Amino acid sequence: MEKFNPNILVEPDGNFTPSVREWSLEKYRLVGSYCDIFTSGMKSRWNQLVYLDLFAGAGYATIQETGKTYFSSALIAMSIPTPFTKYILCESDPDRFKALEKRVKTNFSHLDVTLFYGDSNIMIEQVFKAIPPYKKGNTMLPFCFVDPYSLNLNFRTIETLGGKILMDFLILQALHMDGNRNLLKYLKDENEKIALYLGDENWREDFNHGNKEYSVNLVKFLADKYVMRMKSLGYIPEKNMHQIRSSDKNLPLYYLAFYSKHPRGIDFYKRIEKYSNQQFKLDI
Ligand SMILES: C[S@@+](CC[C@H](N)C(=O)[O-])C[C@H]1O[C@@H](n2cnc3c(N)ncnc32)[C@H](O)[C@@H]1O
């Protein structure tokens, strides 16, 4: 069987479509390949497989450099050969939400989809409640993609989902784009951004008095600290971070970080990351 290609070209449909940079295709490849290996590998072991997308977008995105339009995360996850049994999507921008809703109705009405309009950090309890019930004999395994523009992701949001159930996460961590660029602002005592991101009000103590490297390297600090925070929820304390760099200046932009409580999840991730890197080299 031919391998699933997550970069799915489409014709513009007249609905709102954000413009994104070309490295988004690498992100789409990673999330799409993970969804594919997850459902094909787990369908015989679990009764229900659930996809959550907390920063879901409009469903389509146009690449600024080429003008070509592709499915974005949520619709890629709906296009895999073995679909999830349930999709839960959250989007806070009205134009993107309306476009997503329309596209889901038009192209994927056969799937079980629940859409939330609003801020996922605020609506997370409702999102959690939308996860279908499960029990012995009707098991359920979820995967959650978290794709914010910035560090605007509260650890409490992740904790609400991953603290209670076995859930794999792929989280975009804007450590360079947001973390490093705004370091001076975030260091100020009155600024709560990183306390919310890490779910730790006392982060400045570790940052200033911890590992010497940290005081000059906020990116490393945040990455290490996040792994420890995930460990406190039962996640395997391993850094599985795929770096995305800008294609023009080759600058580091963000990481796609994977977290699982189970070695099989980590194994799946490593396999698709290796494949995604090979594909990327072939494409450029
Ligand atoms: C980087 S885009 C990702 C879109 C999509 N995942 C993709 O594959 O292209 C982030 C999206 O999250 C939305 N967003 C921003 N803050 C949000 C929040 N707090 N809750 C839900 N959606 C949010 C934005 O409107 C935007 O569509």
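Each ligand, and each atom within it, is numbered from 1 in the order the structure gives. Nothing here was measured: the structure is a model prediction, and the numbers come from that model.
- Listed here is the closest heavy atom pair of M78 and Y87: CA-OH, 3.4 Å.
- Within ligand 1, counting atoms from 1 as listed, the ones closer than 4.0 Å to a heavy atom of G118 are 20 (N), 21 (C).
- Looking at D119 next to ligand 1, an N or O pair under 3.5 Å apart turns up.
- Note: Y28 and Y70 fail the aromatic proximity criterion, with ring centroids not under 6.0 Å apart.
- Of the options P94, S92, S72, the smallest heavy-atom separation from atom 22 (N) of ligand 1 is shown by S92.
- Considering only non-hydrogen protein atoms, atom 25 (O) of ligand 1 sits nearest to E91 OE2, 2.6 Å.
- Using a 4.0 Å heavy-atom cutoff, A56 is listed among the residues neighbouring ligand 1.
- Taking every heavy atom of S73 and a limit of under 4.0 angstrom, the matching atoms of ligand 1 come to 5 (C), 6 (N), 7 (C), 8 (O).
- Residue K27 places no N or O, backbone or side chain, under 3.5 Å from any N or O of ligand 1.
- The protein heavy-atom contact nearest to atom 9 (O) of ligand 1 is Y28 OH, 3.0 Å.
- Remark: ligand 1 and N121 share no N or O pair separated by less than 3.5 Å (distance only, no angle test).
- Here the heavy atom of the protein found nearest to atom 2 (S) of ligand 1 is Y149 CE2, 3.6 Å.
- Contact annotation: the side chain of H176 approaches that of Y255 to within less than 4.5 Å [non-hydrogen atoms, C-beta and beyond].
- Within 6.0 Å of atom NZ in K239, more than 12 heavy atoms from other residues, nucleotides or ligands are found, so the atom counts as buried in its surroundings.
- When atom types are taken as modelled, the side chain of R103 and the backbone of A58 share a donor-acceptor pair closer than 3.5 angstrom.
- In this structure, atom 10 (C) of ligand 1 lies nearest to the protein heavy atom D147 O, 3.2 Å.
- Between K3 and D36 there is no salt bridge, since no side-chain nitrogen of the basic residue lies less than 4.0 Å from a carboxylate oxygen of the acidic one.
- Applying the 4.0 Å criterion to heavy atoms of D93 picks out, from ligand 1, the atoms 25 (O).
- Looking only at protein heavy atoms, the nearest one to atom 12 (O) of ligand 1 is F55 CB, 3.3 Å.
- Other residues, nucleotides and ligands contribute over 12 non-hydrogen atoms within 6.0 Å of the CD atom of Q64.
- Around atom NZ of K231, no more than 12 heavy atoms belonging to other residues, nucleotides or ligands sit under 6.0 Å away.
- When non-hydrogen atoms are compared, ligand 1 lies under 4.0 Å from neither the backbone nor the side chain of V20.
- Of the protein's heavy atoms, S120 N, 2.9 Å lies nearest to atom 20 (N) of ligand 1.
- Counting only distance, with no hydrogens or angles, the side chain of K270 and the backbone of N240 share no donor-acceptor pair below 3.5 Å.
- Of all the heavy atoms in Y149 and M177, the pair that sits closest is O-CE, 4.2 Å.
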